[in-house]
Amino acid sequence: MKITSARVIVTCPGRNFVTLKIETDQGVYGIGDATLNGREKAVVSYLEDHVVPCLIGMDPRNSEDIWQYLYRGAYWRRGPVTMRAIAAVDVALWDIKAKMAGMPLYQLLGGRSRDGVMVYGHANGGDIAETVDAVGAYIDMGYKAIRAQTGVPGVKDAYGVGRGKLYYEPADAALPSLTGWDTRKALNYVPKLFEKLRETYGFDHHLLHDGHHRYSPTEAAQLGKALEPYSLFWLEDVTPAENQEAFKLIRQHTTTPLAVGEIFNTIWDAKDLIQNQLIDYIRATIVGAGGLTHLRRIADLASLYQIRTGCHGATDLSPVTMGTALHFDTWVPNFGIQEYMRHTAETDAVFPHDYRFDRGMLYCGEAPGHGVDIDEQLAAKYPYKPAYLPVARLEDGTMWNW
Ligand SMILES: O=C(O)[C@@H](O)[C@@H](O)[C@H](O)[C@H](O)CO
Ligand SMILES: [Mg+2]
């Protein structure tokens with residue numbers, strides 16, 4: 001069996017997606033996602049110029065060997081561009097394998113470990129009152145777990161506050177838009193949001209919050225401590241994790257569960273955090289961390305330390321990643337939760353899929369493969385549109401982490 005073609009399809013049904021379609025001499029094809037928000041074209045070139053020529057003629061059944069070939073063979077390892085390109089190939093090959101076996105992908109991983117996948121949605125508002133209403137709307141939609149983000153008085157466009165209610169998309173301008181940040185103001189305001197949420201809705205729902213890499217380790221510890229009475233499911237990316245050791249300080253001061261990893265690309269980014277039990281949830285995802293082949297190694301390492309998965313699932317991860325993640329989540333023994341930011345109707349039409357939402361849970365389908373396809377004719381109607389993520393500056397102009 002041979003790979004006969006591999007094509008990169010770029011489409012922008014409201015936002016940009018990069019998709020790899022691998023075709024074989026036996027008529028079976030597979031689809032993988034390679035989207036890197038704000039840097040899409042870099043992955044397109046990596047795939048078209050440097051990966052696709054190597055793939056032609058390879059046996060698509062050898063997905064492990066092809067993974068090693070692309071990882072070791074490049075010599076220049078890791079990084080978001082390389083690992084997304086590898087992820088796209090890997091997921092397309094698993095899709096092919098499962099289609100050939102006539103099985104839904106989760107069966108190849110080890111079968112079903114649960115009935116469905118608990119997801120969390122994104123509620124946000126310009127201030128506490130608006131966010132409290134937004135959380136109520138998610139509860140009404142049946143969600144069991146909700147991430148709550150609020151605007152902060154005196155901060156211009158604080159992270160996490162979208163224009164739309166269901167389709168928050170931060171990459172919203174042809175050049176990066178400027179947002180503000182003030183840690184002190186956020187530290188004073190955010191705990192009040194969760195106080196109000198618990199007062200209004202009680203403790204039956206899981207609540208989550210994303211610090212989006214903004215706080216220093218000491219400030220992160222303060223936030224974690226201040227949130228303890230509200231029993232969060234997790235506090236995410238509360239400080240940047242390039243320095244994995246920084247989490248020791250946070251950990252010593254708070255029992256609020258910590259989640260990290262949406263920007264991780266390999267097991268090496270998470271190794272110390274996992275082995276020292278500095279986090280509770282690992283957020284690495286299929287498209288970001290080298291596909292299923294690599295993500296399951298991360299999950300297995302995490303399981304030794306009772307750390308559970310919580311795959312990234314923002315809208316910049318295409319339905320291909322969402323569908324594949326649901327097969328992974330259905331199987332992985334140490335599953336925690338799955339992020340689920342809904343795609344727009346345009347995106348759903350370009351990527352026909354068989355997963356479905358019901359009362360706070362997502363369910364993968366039973367079709368052979370990962371269950372997500374691409375309608376190429378429709379995709380061609382939405383050409384690439386440059387879009388950047390915002391940047392953030394402090395009040396005095398200092399560049400900060402967005
Ligand atoms: O937890 C999350 O979903 C966020 O951190 C993301 O929305 C992130 O900002 C985007 O994926 C960036 O492209
Ligand atoms: Mg996040």
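Whatever order the structure lists ligands and atoms in, that order sets their numbers, starting from 1. For clarity, every value in this text was computed on a predicted model and none was experimentally measured.
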**Student:** Apply the test side-chain contact (heavy atoms from CB on, under 4.5 Å) to residues Ile86 and Gln68: give CA-CA distance (whole Å), side-chain angles for both, the deciding distance (0.1 Å), then the verdict.
**Tutor:** CA-CA 9 Å; Ile86 294 178; Gln68 300 293 337; over 6 Å; no
**Student:** Do the side chain of Asp182 and the main chain of Val155 share a donor and acceptor less than 3.5 angstrom apart?
**Tutor:** no
**Student:** Name the orientation class of the two ring planes belonging to His212 and Trp402 (parallel below 30°, tilted from 30 to 60°, perpendicular beyond 60°).
**Tutor:** perpendicular
**Student:** Students should be able to answer this: which protein heavy-atom is nearest to atom 10 (C) of ligand 1, and at what distance?
**Tutor:** Asp316 OD1, 3.7 Å
**Student:** In ligand 1, which numbered atoms sit nearer than 4.0 Å to a non-hydrogen atom of His212?
**Tutor:** 4 (C), 5 (O), 8 (C), 9 (O)
**Student:** State whether Arg283 and Glu339 are salt-bridged, where the test is any N-O pair (Lys NZ or Arg NE/NH1/NH2 against Asp/Glu carboxylate O) under 4.0 Å.
**Tutor:** yes
**Student:** Might you point out which heavy atoms bring Pro53 and Glu48 nearest each other, and give the distance in Å?
**Tutor:** CD-O, 3.5 Å
**Student:** State the atoms of ligand 1, each with its element, that fall below the 4.0 Å cut-off from a heavy-atom position in Asp210.
**Tutor:** 1 (O), 2 (C), 4 (C), 5 (O)
**Student:** With a distance cut-off below 6.0 Å to the six-membered ring centre and an angular limit of 45° from the axis, does Lys99 pair with Tyr29 as a cation-pi contact?
**Tutor:** yes
**Student:** Is the ring centre of Tyr120 less than 6.0 Å from the ring centre of His206?
**Tutor:** no
**Student:** Counting each atom of ligand 1 from 1 as listed, which ones have a heavy atom of Asn37 under 4.0 Å away?
**Tutor:** 13 (O)
**Student:** Please classify the His122 to ligand 1 contact at 4.0 Å (heavy-atom distances, strictly less than): side chain, backbone, both or neither.
**Tutor:** side chain
**Student:** So which heavy atom in the protein is nearest atom 3 (O) of ligand 1, and how far is it from that ligand atom?
**Tutor:** Glu339 OE2, 2.4 Å
**Student:** Can you sort out which atoms of ligand 1 are near Ala314, meaning under 4.0 Å from one of its heavy atoms?
**Tutor:** 3 (O), 6 (C), 7 (O), 11 (O)
**Student:** For the Mg ion (ligand 2), how many protein N, O or S atoms come closer than 2.8 Å?
**Tutor:** 3
**Student:** List the closest protein heavy-atom neighbour of atom 6 (C) of ligand 1: residue, atom name, distance to the nearest 0.1 Å.
**Tutor:** His312 NE2, 3.6 Å
**Student:** Can you list the ligand 1 atoms lying under 4.0 Å from a non-hydrogen atom of Trp402?
**Tutor:** 9 (O)
**Student:** Out of all atoms in ligand 1, which are within 4.0 Å of some heavy atom of Glu262? Include the element for each.
**Tutor:** 1 (O), 2 (C), 4 (C), 5 (O), 6 (C), 8 (C)
**Student:** Assess the residue pair Asp157 and Val161 against the criterion (side-chain contact (heavy atoms from CB on, under 4.5 Å)); give the C-alpha distance rounded to whole Å, side-chain angles, the decisive distance to 0.1 Å, and a yes or no.
**Tutor:** CA-CA 7 Å; Asp157 298 330; Val161 184; over 6 Å; no
**Student:** Which atoms form the tightest heavy-atom contact between Ile307 and Asn334, and what is the distance?
**Tutor:** O-ND2, 3.0 Å
**Student:** Using heavy atoms and a threshold below 4.0 Å, how should the contact between Leu389 and ligand 1 be classified: side chain, backbone, both, or neither?
**Tutor:** side chain
**Student:** Indicate yes or no for a side-chain donor-acceptor contact from Asp269 to the backbone of Thr266 under 3.5 Å, with no hydrogens or angles considered.
**Tutor:** yes
**Student:** Going by the atom numbers of ligand 1, which of them fall below 4.0 Å from some non-hydrogen atom of Tyr159?
**Tutor:** 2 (C), 4 (C), 5 (O), 6 (C), 7 (O), 9 (O)
**Student:** Less than 6.0 angstrom separating the ring centers of Trp94 and His370, yes or no?
**Tutor:** no
**Student:** Taking only heavy atoms of Arg283, which atoms of ligand 1 are found under 4.0 Å from at least one of them?
**Tutor:** 1 (O), 2 (C)
**Student:** Between Asp280 and Arg251, does at least one N-O distance fall below 4.0 Å, as a salt bridge requires?
**Tutor:** yes
